[in-house]
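Just so it is clear, the structure is predicted and the values come from calculations on it, not from any experiment.
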Amino acid sequence: MISASAKIENDAFVNSFVQRLRHLVGREEGFVPLHEPSFTGDEWKLVRKCLDSGWVSSAGKFVDEFEAELATRCGAAHCVAVVNGTAALHTALIVAGVKPGDEVIVPALTFVATANAVTYAGAIPHFVDSETSTLGVDAAKLRQHLDLTADWSAGIAINRNTGRRIAAIVPMHTFGHPVEMGPLLELGRDLGVPVIEDAAEALGSSYNGRSCGTFGTMGIFSFNGNKIITTGAGGAIVTNDADLAKRARHLTTTAKIPHQWEFVHDEIGYNYRLPNLSAALGCAQLAQLDKLLAAKRKLAEHYIDGFSDFIGVKIFIEPRYAKSNYWLNSILLDDAHCHFRDHVLQASNAAGLMCRPIWRPMHQLPMYEEAPRANLPVAERIAARLINIPSSANLAQ
Ligand SMILES: *Cc1c(COP(=O)(O)O)cnc(C)c1O
């Protein structure tokens, strides 16, 4: 039970938040989604062209074109387009040498696909904490944690508590905000393990001028309908390593040996290739990326400015040296107001303003309760107070 005065305070805060948000989205009434795609370029034209060509499935020129343009755009040497971001992660983990029974370092504060991809590879996610300034993996804390729990003196990193090998580190760029990659890459080198970036949300984001997804051994993107650009469903792996790219391409095309008519597959591969029809949409969307990034930045600035005098709420701002794509804007409730989180969510959604909490941390999900983990106070703290607010590019005025 809450007291009458607490209820009044609660209602006043929640109501004024909803009012402010309604004002800032610039639409007096009606439903405002969290994120909707924007098809204002050649989307119809290229999809039609693809249909007219008859090449809608696993072969066709749009896939090659999409891969080449994406690689150029990120400054990566190679790109392999696949059916979704989860498949991209699954493939990247296998190609990076993650084996059944290994452990993979993953933030507790991520979308469930990051942990699931590790499980698909037969490995076990090992959850680590995040930092408030990036919402991503805290490298210094991770190093401390591994100093206490792992042994990497023999050139191979072993979790002393479980006896399992630590085979990769998978940082994730939350809502497009770049993780501080420098210390993580250094840690990966010290441990002798690859760093694979879950850049599913971070297409167009950069750190010190370099694109997210290109820092680690491999990086992955998602082109799901809610991401900054979409292919309906889709994903991609980027890497500068020709051998890894070749292996990823082979594994995602049922491990078929290219041949004019013969069906020979030399291992158990996956049917993960991106369809040409999706890639046609992707080519048109990629051409819009700069425009979308500009709109997203404008919307973020509008929110930052619009909430600057609002007590109890802070808009998350991109980390220093980073350029975020501002895929989703987030508010953080301060200590005095974080217990209002669910009321804010309830009231804003009831008012037609689609807001969502950040994901429940992975160690609090039933299937990952028993997974190895570090102490996770920051992940839990962020989870208790972060709310995503409507962020479609078309809201920028
Ligand atoms: C969207 C997303 C994925 C998965 O991408 P899909 O294309 O939906 O499979 C993975 N990780 C993160 C952080 C994501 O946001």
- Message: For the aromatic rings, using the six-membered ring if either is Trp, is the centroid distance between His177 and Tyr326 under 6.0 Å?
- Response: yes
- Message: To the nearest 0.5 Å, what is the distance between CG on Asn161 and NE2 on His126?
- Response: 8.0 Å
- Do NZ/NE/NH1/NH2 and the carboxylate oxygens of Asp290 and Arg73 come within less than 4.0 Å? yes
- Item | Donor-acceptor pair, side chain of Lys296 and main chain of Trp327, under 3.5 angstrom | yes
- For Glu197 and Gly213, work out which heavy atoms get closest and say how close. OE1-N, 2.8 Å
- Message: Return the CG to CG distance between Leu89 and Asp198, rounded to the nearest 0.5 Å.
- Response: 4.5 Å
- Between Thr114 and Thr110, is there a donor-acceptor pair closer than 3.5 Å when you use the side chain of the first and the backbone of the second? no
- Task: Could you verify whether a donor N or O on one side chain and an acceptor N or O on the other, from Asp266 and His250, lie under 3.5 Å apart?
- Result: yes
- Message: Test your reading of the model: is there a side-chain donor-acceptor pair from Glu201 to the backbone of Phe175, 3.5 Å cut-off?
- Response: yes
- Modelled atom types, side-chain donor and acceptor of Asn388 and Ser330, under 3.5 Å: yes
- Please determine, by modelled atom types, if Gln364 and Glu369 share a side-chain donor-acceptor pair under 3.5 angstrom. no
- Message: Under a plain distance cut-off of 3.5 Å, with no hydrogens placed, do Asp151 and Ser153 share a side-chain donor-acceptor pair?
- Response: yes
- Task: Consider only side-chain N and O atoms of Thr162 and Glu103, and report whether a donor and an acceptor are under 3.5 Å apart.
- Result: yes
- Query: Can you find a heavy atom in the side chain of Leu93 that is under 4.5 Å from one in the side chain of Tyr120?
  - Reply: no
- Task: Spell out, as yes or no, whether a donor-acceptor pair under 3.5 Å connects the side chain of Arg165 to the backbone of Ile158.
- Result: no
- Item | Polar side-chain atom of Thr134 near backbone of Gly136 as donor-acceptor pair, under 3.5 Å | yes
- Is Asp129 salt-bridged to Arg373, cutoff N-O under 4.0 Å? no
- Task: Give, for atom CD of Glu180 and atom CG of Leu185, the distance between the pair rounded to the nearest 0.5 Å.
- Result: 10.5 Å
- With Tyr270 as partner, the option from Val82, Thr253, Ile94 fulfilling side-chain contact (heavy atoms from CB on, under 4.5 Å) is Ile94
- Query: Val344 versus Phe13: any side-chain heavy-atom pair under 4.5 Å?
  - Reply: yes
- Message: Does this structure show an ion pair linking Glu318 with Arg297, if we count only N-O contacts that are shorter than 4.0 Å?
- Response: yes
- Heavy-atom donor-acceptor pair, Lys314 side chain to Ile331 backbone, under 3.5 Å: no
- Query: Counting only N and O atoms by type, is there a donor-acceptor contact under 3.5 Å from the side chain of Asn349 to the main-chain atoms of Cys355?
  - Reply: yes
- Query: Can you tell me how far NE2 of His173 sits from OG of Ser206, rounded to the nearest 0.5 angstrom?
  - Reply: 10.5 Å
- Check whether any side-chain N or O of Arg249 sits under 3.5 Å from a backbone N or O of Cys79 as a donor-acceptor pair, and report yes or no. yes
- Query: With clusters built from Ile, Leu, Val, Met, Phe, Trp and Tyr whose side-chain heavy atoms come within less than 4.5 Å, directly or transitively, what are the remaining members of the cluster of Val47, listed by chain and number?
  - Reply: Phe39, Leu51, Val56, Leu277, Leu281
- Val313 and Ile387: side-chain contact (heavy atoms from CB on, under 4.5 Å), yes or no, with the steps? CA-CA 10 Å; Val313 161; Ile387 294 175; over 6 Å; no
- Message: With no hydrogens and no angle check, just 3.5 Å: does a side-chain donor-acceptor pair link Ser38 and Lys291?
- Response: no
- Message: Could you report the tightest heavy-atom contact between Leu299 and Asn329, atom names first, then the distance?
- Response: CD2-ND2, 3.9 Å
- Task: Go through the side-chain N and O atoms of His343 and Asn10 and say whether any donor and acceptor fall under 3.5 Å apart.
- Result: yes
- Message: Does atom CD (Gln346) have a neighbourhood of more than 12 heavy atoms from anything else shown, all under 6.0 Å?
- Response: no
- Message: Between Arg20 and Asp309 (salt bridge meaning N to carboxylate O under 4.0 Å), is one present in this structure?
- Response: yes
- Minimum heavy-atom distance Cys74-Leu203, with the two atoms named: SG-CD1, 4.3 Å
- Message: Within this structure, what is the OG-CZ distance for the pair Ser348 and Arg356, rounded to the nearest 0.5 Å?
- Response: 9.0 Å
- Would you call Asp52-Arg48 a salt bridge at under 4.0 Å N-O? yes
- Item | Main-chain N/O of Trp261 paired with His259 side-chain donor or acceptor, under 3.5 Å | yes
- Message: Any salt bridge linking Glu380 with Arg360? Criterion: basic side-chain nitrogen under 4.0 Å from a carboxylate oxygen.
- Response: no
- Could Arg143 and Asp190 be called an ion pair, given the rule that one side-chain N must be under 4.0 Å from one carboxylate O? yes
- Measure from the ring center of Tyr303 to the ring center of Phe316 and say whether it is less than 6.0 Å. no
- Item | Ion pair check, Lys227 and Glu36, cut-off under 4.0 Å | no
- Nearest heavy-atom pair of Gly176 and Asn325: which atoms, and what distance? CA-OD1, 3.1 Å
